[in-house]
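Taking it in order: structure first as structure tokens, then the write-up.
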2 protein chains.
Amino acid sequence: MSVKERKERERAERERLIVVTARELAEQQGWDAVTTRRLAERIEYSQPVLYSHFRGKREIIGAVALEGATEMAAAVRAATSGVDGPRERVAALARAYLDFAEHNPAVYDALFQLDGGLAYAREDTPEPLKDAFAALLECLGEAAGDGVHPGLFTEVFWAALHGLATLTRAGRLLPEDAGPRVELLVDRLAIV
Amino acid sequence: MSVKERKERERAERERLIVVTARELAEQQGWDAVTTRRLAERIEYSQPVLYSHFRGKREIIGAVALEGATEMAAAVRAATSGVDGPRERVAALARAYLDFAEHNPAVYDALFQLDGGLAYAREDTPEPLKDAFAALLECLGEAAGDGVHPGLFTEVFWAALHGLATLTRAGRLLPEDAGPRVELLVDRLAIV
DNA sequence: CTCGATTGTCTAGCGGTGCTAGAATCGAGT
DNA sequence: ACTCGATTCTAGCACCGCTAGACAATCGAG
């Protein structure tokens, strides 16, 4: 049996290698540069090997997205856990979210811009995605204000952060005023 | 001279045809389906003709974006002009913006998601883009509140709308609660 | 009215893409 | 040592954005 186990282990390792390499390449040169040929060359296998792990490029993006969701959830929780006062917690969350988007643009795109073939906002949504939203909800729920559904408030706050993140990165907003924008957003949206 | 003029006119007409056809095709089947071959076939010319009008696909996207910016500015102004009360004006603007994004997804992508080779938020930004932002500013400026720069407020409000529009269309937010989300956003962000 | 130059458009093709059929190779179990 | 199934590769498909060079149509000068 141990032969079979070894093979399975090696196979899992190679799958990790694919995802890690795809992410690396995407962060270095953008998702457009992540072609099946380049990716295959980097992992030192031929193209068809990729298709024995994933249905296609889309699923590879999806795998990077799931990895990113877990990290983002952790980053948000880490940034908010030790902060005193709900207002400052919300501000810390906002900064952590935008930091994540800025420093992991490819992962952020995989999560929220590209089609990774994942189900969102549904019953069968993968656990990491649900948990990422839960991480936002944990902190933002307490700033929703009376009579406002925490989930709804979280969605709106999240959308605002997403808008700031994407418009800034796409050159539609200048990065200079990023700080004041976040302050304004937190001051107005969060009820503390 | 009239021969030359006729030629110039015909050339301009063909350029319009390219832009209109590209937009049509993008709205029908998405930007991925707008290939130079398909576009050329639809306008009943060969591929290279496209390159005598535009440097490449990117510039065609840019042309659609400029057209969209003008329309969006008009839509926003039309939706807000006859509305009484600043709060309701802002709400009308928000609804008009999201309506535009929903009903012209390809144009919206050309404007704010794709690379059309246009300069944003700069001195040499094309006039239609400046004017679209100006249309938002005209209405949102009066809801910025004391001591808050109208431009900054407009950017934040715009980013929030952009987040709602894109996350909804990408399936990350369910469209059911779109109404309450907008209400919440307006109530919290706008000071009236 | 003819003829060279200019302009405009086309055909054909380059190197790239995601993806796959079928050949070739490897290795585990007899 | 050999067989046979699993694994991996080579080679290829149809498509992409884009362009060089051939060809046809038009214009202006003689």
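Remark on the helix from C:dC1-D:dG30 to C:dT30-D:dA1: inter-end axis angle 30°, axes from five-pair C1' superpositions, rounded to 10°.
Between A:Phe112 and A:Trp158, the distance separating the two ring centers is shorter than 6.0 angstrom.
Listed pair B:Arg38 / D:dC15 fails the phosphate criterion, with no side-chain N or O lying under 4.0 Å from OP1 or OP2. Taking only side-chain nitrogens and oxygens, B:Arg58 never comes nearer than 4.0 Å to OP1 or OP2 of D:dG17. At the phosphate of D:dC18, neither OP1 nor OP2 sits under 4.0 Å from any side-chain N or O atom of B:Thr36.
Along DNA chain C, the nucleotide nearest to A:Thr35 and the one nearest to A:Arg55 differ in position, and the one closer to the 5' end is contacted by A:Thr35.
Under the salt bridge (Lys or Arg N to Asp or Glu O under 4.0 Å) criterion, the residue pairs touching residues 60-74 of chain B are B:Arg16-B:Glu67, B:Arg23-B:Glu67, B:Arg23-B:Glu71, with sequence neighbours excluded.
In this structure, NE2 of A:His53 is placed 13 Å from C1' of D:dA6, rounded to the nearest angstrom. Distance B:Leu50 CG to D:dT19 C1': 13 Å, rounded to the nearest Å. Residue B:Asp115 contributes atom CG, which lies 15 Å from atom P of D:dG17 at whole-angstrom precision. Residue A:Trp31 contributes atom CH2, which lies 15 Å from atom P of C:dT17 at whole-angstrom precision. Nucleotide C:dT20 holds its P atom 15 Å from the NZ atom of A:Lys57, rounded to whole Å. Between the CD atom of B:Glu10 and the P atom of C:dT7 there is a distance of 17 Å, given to the nearest Å. Separating the CD atom of A:Glu41 from the C1' atom of C:dG18 is a distance of 17 Å, rounded to the nearest angstrom. At whole-Å resolution of the value, CZ in A:Arg14 and P in D:dT7 are 9 Å apart.
Within the 4.5 Å cutoff, side-chain heavy atoms of B:Leu25 are placed close to those of B:Gln29. Contact check for A:Leu39 versus A:Thr21: side-chain heavy atoms found under the 4.5 Å cut-off.
Contact check on A:Glu176 versus A:Arg181 returns no salt bridge, with no Lys/Arg side-chain nitrogen under 4.0 Å from an Asp/Glu carboxylate oxygen. The pair A:Glu183-A:Arg87 counts as a salt bridge, with a side-chain nitrogen and a carboxylate oxygen less than 4.0 angstrom apart.
Inspection of the A:His162 and A:Tyr108 side chains reveals an N or O donor paired with an N or O acceptor under 3.5 Å.
Cluster annotation: B:Val148 and A:Leu189 are assigned to the same hydrophobic cluster (Ile/Leu/Val/Met/Phe/Trp/Tyr, side-chain heavy-atom contacts under 4.5 Å, transitive).
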Which pairs, protein N/O on one side and nucleotides 10-13 of chain C N/O on the other, fall under 3.5 Å?
from	atom 1	to	atom 2	distance (Å)
C:dC10	OP2	B:Ser46	N	2.9
C:dC10	OP2	B:Ser46	OG	2.8

Verdict with reasoning, B:Phe157 to B:Tyr97, per ring pair (Phe, Tyr, Trp, His ring centres under 6.0 Å): CA-CA 11 Å; B:Phe157 200 98; B:Tyr97 185 98; 9.0 Å; no
